[in-house]
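Small disclaimer: the values here were computed from a predicted structure and weren't measured. A note on names: the letters A, B, ... follow the listed sequences, proteins ahead of strands, and every chain is numbered from 1.
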Amino acid sequence: MTIRTHYCGELRPTDVGSQVTVCGWVDTRRVHSEHLAFIDLRDHTGIIQCVVDEKLDLRSEYVVAISGTVRTRFKGKSNEKLDTGEIEIGDCDVQVLSVAEPPPFPMHERTEVDENIRLRHRYVDLRKPRMQKNLRTRAKVNSSIRASMEKQGFIEIETPMLIASTPEGARDFVVPSRLHPTNFYALPQSPQIFKQLCMVGGLDRYYQIARCLRDEDLRADRQFEFMQLDMEASFVSQEDIINFVTEAVKDATETVSGSRPSDIPRMTWLEAMERYGSDKPDVRFGMELIDMTGIFEGTEANVFKVSCVKGILYKGGSDVLARNAIDALTEKCQNWGAKGLAWFRVGEGGGLEGALTKFMSEEEISEVQNCLSAESGDMVLMIADERKVVNHVLGLLRLEIGRPPVHSGELEFLWITEFPLFGDVGENGQPIPAHHPFTMPLEEDLEKLDSAEGDEYLAIRSQAYDLVLNGWELGSGSVRIHSPEIQSQIFAILGIEKDEAQEKFGFLLDAFRYGAPPHAGFAFGIDRLTAILSGEENIREVIAFPKTQSGSDPLTNAPTLLDAGHLEELGLRLTPPST
RNA sequence: GGUCCCGUGGUGCAGUUUGGAGUGCACGCCGCCCUGUCAAGGCGGAGGUCGCGGGUUCAAAUCCCGUCGGGACCGCCA
């Protein structure tokens, strides 16, 4: 076997004169005749030109070992595009290690290839510099996070993949039990309960780069399986957790990008919802939501006779948005839950123009324009509805119109704090937890727990916090309840009976009876962080073998049917899907 | 559960609005020529179930219905 002496991309003019052996795949070939051919040999470090002066049948993607002498290229023949462009390998002895069929798609990266085809031949796709770079970036993120957590006193602990299903949260993936027919394991949505048990177990500071699985619909930033930095610490506050995570994220970012992010600003959940209509605001651009409810008190215009009116200013939008584009936006707003979209152009003279102006007073028109500082050529887009709907729809509209690609510009990390304890109030008047039922309320809101009724519950804040990057939710965490009294009270408010609580979370509640330290934790998505640090819009680009949006794998054809014997052994019988 | 975009030789696209012979472009592939190229160049050639099924029509890549696959999003993701 030929022994490799150098990587292709690492040869430099200082190596001139050396006898070397490089190994890799044949990239581009420039064959002049049987007397002269230039072979670009590629490995994960880059490309080196090899000069071959005999008749050789070398095709694209053949795997070869080339031994020869490093030499300076002829005068004026160097290639500035390559790091190895001043040199080449001559007097080549070429050993073909594997022949290859022509690749199923171009190996150069000038054209985007259909996702299905890329994934079916992922082993070829992975050879491209883009995927090589991304997966190596991912490895750097992983290792720097490990180093950062250990530097901060955390120890890595593995938790099981086959666990009990819990009813709360995302849909579980389940695994049938052969030894316990009719019983199923669940795959973990996160190691949430185990890490809290680790705290009761006195492990003090736990971390894990954990695989999590959720059977929910896939998106650009969501796969069935994803990796999180999962962590939990005892005897700490929200402030400590934010500092731990900030340090880890900064360390990882610095390792990848070479520059350390500055301090991460904070915003309360309420402020984020009001200014950006989102709990993961993309603060790289403006177009903030402006409250105009006051302007329309006592209005004659029926569309504005609602509890909340807000608008955004689309600078220069009047020239960009033709009538059919506005109609398309209106339709989107309706799909998102609004009744419609109120829109105005700012005309040459500086006045609002639009179908709704005839129902509005002069004063209303001028106040709308003034509060947005709208100028000629701008577009005013407004939603009128309940506050929750207005913020939601206007937040989505803002992204639709103004959002830059997720990786462009600066890295805008942002902490969102003071999440509400309850996300909604059910029809029976009982609140529904926003995070999970072990989330600690904010100290100053504790007494509201006693007196609140109905929608008042929604104003109770919690010690839950999210980390956001360029409009993507990187992760979330909370201070956990360790007091049995508060936990009982929360269960009571949620309408969870003692028996039910014992059934659902019994082992955790049992554990807490044996001496639980105050603890808090966090988890953030490594795929998402890596994607943004890699300049990618989609986490599939930083995952070696991802699934398609429909959850299948074109490479292995997963998911597949099981044969009858296999099902029999597991005690399973299939029913045809209802149509 | 829903909305939208895409599907045409191996790859990426144009052609679809306004139906008229599988027409075109670029890359790749095969063969020949070529001793300094680097997205090499020149000449020649092969390669097609226009995703699939049905309908309308004298005639469908093109219009209609359904379906499959890929992508983006809403819901969902405590």
A:S550 vs B:G70: side-chain N/O to OP1/OP2 distance below 4.0 Å: yes
Side-chain N,O (A:S33) to OP1/OP2 (B:U37) below 4.0 Å: no
C1' atoms of B:G28 and B:A46, separation to the nearest Å: 13 Å
Sequence-distant partners of A:P102, side-chain contact (heavy atoms from CB on, under 4.5 Å), two or more places apart: none
Whole-Å C1' distance, B:G47 and B:U11: 13 Å
Residue whose nearest RNA chain B nucleotide is more 5′ - A:N79 or A:S190: A:N79
Any N/O donor-acceptor pair, A:E537 side-chain to B:G71 base, under 3.5 Å: no
Closest to the A:A220 side chain, choosing from B:C76, B:A72, B:C38: B:A72
Residues, nucleotides or ligands: over 12 heavy atoms within 6.0 Å of A:E386 CD: no
All ring pair (Phe, Tyr, Trp, His ring centres under 6.0 Å) counterparts of A:W415, not counting sequence neighbours: A:F522
With sequence neighbours excluded, residues passing salt bridge (Lys or Arg N to Asp or Glu O under 4.0 Å) with A:R540: A:E115
Below 4.0 Å: OP1/OP2 of B:C73 and any side-chain N or O of A:R403: no
Short side-chain N/O contact to B:G36 OP1/OP2 from A:K75, under 4.0 Å: no
Protein-to-nucleotide contact annotation, 5' to 3' order, nucleotides 8-16 of chain B [B base; S sugar-phosphate only; - none; under 4.0 Å, heavy atom]: --SSS----
B:A40 phosphate, OP1 or OP2, under 4.0 Å from A:T28 side-chain N/O: yes
Separation of the P atoms in B:G66 and B:U3, to the nearest angstrom: 11 Å
Phosphate contact (B:U37 OP1 or OP2) by A:R30 side-chain N/O below 4.0 Å: no
Set of residues satisfying salt bridge (Lys or Arg N to Asp or Glu O under 4.0 Å) with respect to A:D125, sequence neighbours excluded: A:R118, A:R122, A:K128
Donor/acceptor link under 3.5 angstrom from A:Q49 side chain onto base of B:U37: yes
Side-chain-base donor-acceptor pair under 3.5 Å for A:R110 and B:A39: yes
Side-chain donor/acceptor contact of A:R222 with base of B:C76 under 3.5 Å: yes
Side chain of A:W336 - closest among B:G70, B:C38, B:C73: B:C73
Donor/acceptor link under 3.5 angstrom from A:N538 side chain onto base of B:G71: no
Base B:C38 paired with A:R73 side chain (donor-acceptor, <3.5 Å): yes
For A:H44, all residues meeting ring pair (Phe, Tyr, Trp, His ring centres under 6.0 Å), sequence neighbours excluded: A:Y7
Below 4.0 Å: OP1/OP2 of B:U37 and any side-chain N or O of A:K77: yes
A:R219 side chain near B:C74 phosphate (N/O to OP1/OP2, under 4.0 Å): yes
Upstream residue (5' side of RNA chain B) when A:T548 and A:E400 are each assigned their closest nucleotide: A:T548
Between A:H519 and A:F438, ring centroids under 6.0 Å: no
B:A40 pyrimidine/purine six-ring stacking with A:H32, under 5.5 Å and 30°: yes
